[in-house]
There are 2 protein chains.
Amino acid sequence: MTTPKSVAGRLFTLLGVFSEQRPSANLSELSRCAGLALSTTHRLVSELVEWGALDRDADGRYHVGLRLWELAVLSPGSLGLRERAMPFLEDLYEVTHQNVQLAVRDGLEAVYVERISAHNAVNVVTRIGSRLPVHASGVGLAMLAHAPAEDQELALRSPMRRFTSKTITTPAALREKLAQVRRDGYVVSDAQIELITLSVAAPIRGADDTVVAAVSIVVPQDGVAVGTLVPAVRTAARGISRALGAPSAVRSPRRGAP
Amino acid sequence: MTTPKSVAGRLFTLLGVFSEQRPSANLSELSRCAGLALSTTHRLVSELVEWGALDRDADGRYHVGLRLWELAVLSPGSLGLRERAMPFLEDLYEVTHQNVQLAVRDGLEAVYVERISAHNAVNVVTRIGSRLPVHASGVGLAMLAHAPAEDQELALRSPMRRFTSKTITTPAALREKLAQVRRDGYVVSDAQIELITLSVAAPIRGADDTVVAAVSIVVPQDGVAVGTLVPAVRTAARGISRALGAPSAVRSPRRGAP
DNA sequence: GGATGGCCTTCCGATCAGTGGAAAGTCCAC
DNA sequence: GTGGACTTTCCACTGATCGGAAGGCCATCC
């Protein structure tokens, strides 16, 4: 474990100790995992607690604090987008009763910022805040297809992790898929992450008409008519784009669609 | 503005510059608002960007980064709670089509961690991540009523901000309200924040049977039968408690049924 | 064109905050 | 009582941090 020289780096290392697998830790644990001296850890952690980045419970264990929420919701993927998208996600959920997801792009990863799920909906691997490579997720493909050329180039050149036998892993396949997404205006991502699920995604445009997010719906592989989902997802994506002030969604350009 | 002496403090000061009113800032702005030298700001901000706490857009402006999401969702109010509560919030929304909110307590404040709202629902002041004093919000009262005695004492001794003519502001009134909440098992918070709205809230218990969160529904003052909302909110709260493993919410366990 | 002002970036020496070893304190289990 | 795991406090040394200063970039103004 490389110990960063700067204090800031040490703080980040400490915060990085927390994960889904280890949502809480005691002082020694933090010290060990971060590779810092106990006394140093103690002081830094105390400062983090004082500010609210961490909380300390009755057992002396540390958790991520609620103050970080206040910051996180200020991120571009959150501010405005979530608020405005929510009602449309609601609509989509109400019609389909399946998992509905909202994601933004961070480099070559799709970050899920909202998700609506029902009791009986199919279980998916993603949670809010989690990330998936753009090449392997419906939302990722929807966003990548309309990303700046340099990002697309980078994605084509980067190794693509394989999740299932159907995962796109070659530049050629990805290139073709992206072209198809641009042509159709939506993505059907078939068993790219898990063999039993399928997702339909569509891009969301912001006020400057660039694609800033994507919405998707995840359903079980069998028993759901994909054809009926596509219009619903596209409608929601369009509604959200309009709510964000996207020019192309305000007027109604009929691009070859009936 | 007092300049903190520690590096950690300076980092927090920098992050604290961002707010709902100022979701992005350039370097000089950060330097000015944080009261730090330009060169210092430059170095610290660069480190924050490197780690992902901040992002820098094409115009050279800084935003809160998406990495903070990954941390924020690990907070106790998020991890597990949101995931498990969502379906029940959905149910509540679907039945009522009003604003549904989920909150946790942080000291004497209620922090909203999830909210579902419809196109036509009444507008409320709260957003995800925002805070309200416990004495003035339905969710706050629901949580405070079952909080440790010391926290209740503290709340009774602290000054209570007045939002409207109906806001609880005296220890006596608060004490009585809390007793009522404990007796009834729910809260009707009538115009305590805004005169035109009313909320019904109920406490949610965790695996250790303590109250860890609260769910509420916010409706316009007029035209909605409160009587019909109470059972719905209580049912949802109970369902979430059960999903969290709260002993008191697990009804007569049927054992042996394979 | 040259001047001006705003903003960002880099450099560098003095200084002072940060580090970590060590020791003392706390708590629990055996 | 003893041992062990964890936390808290102390302190002297040191090297990371700070901020002034200088330079670069890019507008806008005269």
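Chain naming here is simple, since letters A, B, ... match the order of the sequence lines and numbering starts at 1 in each. Excluded from the calculations below are hydrogen atoms, water molecules and symmetry mates; all remaining heavy atoms, backbone and side chain alike, are included.
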Task: Plane angle bin for H135(B) and F163(B) - parallel if under 30°, tilted between 30 and 60°, otherwise perpendicular - done: tilted
- [ ] Tell me whether the OP1 or OP2 atom of dC8(C) has a side-chain N or O from S28(B) closer than 4.0 Å.
- [x] yes
TODO: Return the nearest nucleotide to the side chain of A37(B); candidates are dT17(D), dC8(C), dG19(D).
DONE: dG19(D)
Task: 5'-most by nearest nucleotide on DNA chain D - Y62(A) or T40(B) - done: Y62(A)
Open item on the list: Under 4.0 Å from OP1 or OP2 of dC8(C): is there any side-chain N or O of H42(B) that close?
Closed with: no
Open item on the list: From CG of L54(A) over to P of dT7(D), roughly how many Å is that when rounded to an integer?
Closed with: 14 Å
Task: Flag side-chain contact, heavy atom, 4.5 Å: L68(A) against S75(B) - done: no
- [ ] Provide the closest heavy-atom pair for P247(A) versus D209(A) in the form atom of the first, atom of the second, distance.
- [x] CD-OD1, 3.3 Å
- [ ] Record whether the side chain of S39(A) comes under 3.5 Å of the base of dG21(C) through a donor-acceptor pair of N or O atoms.
- [x] yes
- [ ] Would you name the heavy atoms of W51(A) and L15(B) that are closest together and state the gap between them?
- [x] CH2-CD1, 4.2 Å
Task: Sugar-phosphate only, base, or nothing, as touched by R56(B) at under 4.0 Å among non-hydrogen atoms - done: sugar-phosphate
TODO: Find the distance D59(B):CG to dC8(C):P and express it as a whole number of Å.
DONE: 11 Å
- [ ] Rounded off to whole Å, could you give me the CZ-to-C1' distance for the R10(B) and dG19(D) pair?
- [x] 10 Å
- [ ] Give a yes or no on whether a donor-acceptor pair under 3.5 Å exists between the nucleobase atoms of dG18(C), that is its base, and the side chain of S6(B).
- [x] no
